[in-house]
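What follows is one structure encoded as structure tokens, with my remarks underneath.
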Amino acid sequence: MGSHTISALVDGILQVDGLRRLQGADQERRPSGTTGVLPRACAAEVLGQFRSRRKSPIAAETLQRIAMFYAIEDRIRGLPATQRAAVRQSDTRRLIEDFKPWLEARLLEVSKKFGLGKAIRYTLNHWDGLTRFIDDGRIRSSAASSR
């Protein structure tokens, strides 16, 4: 199913693993100028990228930082979307805003083509989709949390 078909069927947030199947869906514009589908990348995929490299101090710290996001999500699970969004704005946003420049700095310390560098690049390349949940309480931080 191509992105045009998906956008014709869904209006809103499509939470998925494996965002590759939906590349371009967030670019499609309807006649009204609105986006039909806003794909959201899955934090569980990022975790997988770093878990296999956890012996690295950079990977270990990355996993600790991501665990802080998950701890906040555990605390707000079951709350109404407006309350989740408010907590994410007050608690998670600061952590996310510190995390991206930290990752960018670590990328300068490792090979960009292998292992840890690939994991960091994957995370940074999917940044918008990974952080979309901060501004919208309806979105889960991870597709794994919706199972």
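Numbers for residues simply follow the sequence, beginning at 1. No hydrogens, no waters, no symmetry mates; every other heavy atom, side chains included, goes into these values.
Atom NE2 of residue His126 and atom CZ of residue Arg132 lie 11.5 Å apart, to the nearest 0.5 angstrom. Remark: Thr131 OG1 to Ile134 CD1 distance equals 6.0 Å, nearest 0.5 Å. In this structure, the separation between OG1 on Thr62 and CZ on Arg51 is 12.5 Å, given to the nearest 0.5 Å. Here Asp91 contributes atom CG and Ile72 contributes atom CD1; the two are 5.0 Å apart, rounded to the nearest 0.5 Å.
Minimum heavy-atom separation, Ala59 to Phe50: CB-O, 3.8 Å. In plain terms, the two heavy atoms of Val110 and Gly117 that are nearest each other are CG2-CA, 3.7 Å. The shortest non-hydrogen separation linking Ala81 to Arg138 is CB-N, 3.8 Å. The shortest non-hydrogen separation linking Gly137 to Ala85 is N-CB, 3.7 Å. The two residues Ile58 and Glu109 make their nearest non-hydrogen contact at CD1-OE1, 3.7 Å. Nearest approach of Leu63 to Leu47, heavy atoms of both residues: CD2-CD2, 3.6 Å.
Looking at Gln83 and Ile76, their side chains never come closer than 4.5 Å, going by heavy atoms from C-beta outward. Annotation: side chain of Arg84 is not in contact with side chain of Ile139 (no heavy-atom distance under 4.5 Å).
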I'd like a table of donor-acceptor pairs (distance under 3.5 Å, sequence neighbours excluded) in which one partner is a side-chain atom from residues 95-104, with atom names and distances.
none

Exercise. Run the side chain to side chain contact (heavy atoms under 4.5 Å, CB included) check on Arg65 and Glu61 step by step: do they pass?
Worked result: CA-CA 6 Å; Arg65 288 172 177 254; Glu61 184 167 347; 3.2 Å; yes
Exercise. Can you check side chain to side chain contact (heavy atoms under 4.5 Å, CB included) on Asp135 and Arg93, steps first, answer last?
Worked result: CA-CA 9 Å; Asp135 296 314; Arg93 180 171 294 284; 2.2 Å; yes
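For Arg88 and Glu73, the salt-bridge test passes: some basic side-chain N is under 4.0 Å from an acidic carboxylate O.
Screening Arg121, Arg53, Arg106 for a side-chain contact (heavy atoms from CB on, under 4.5 Å) with Leu116, the sole residue that qualifies is Arg53.
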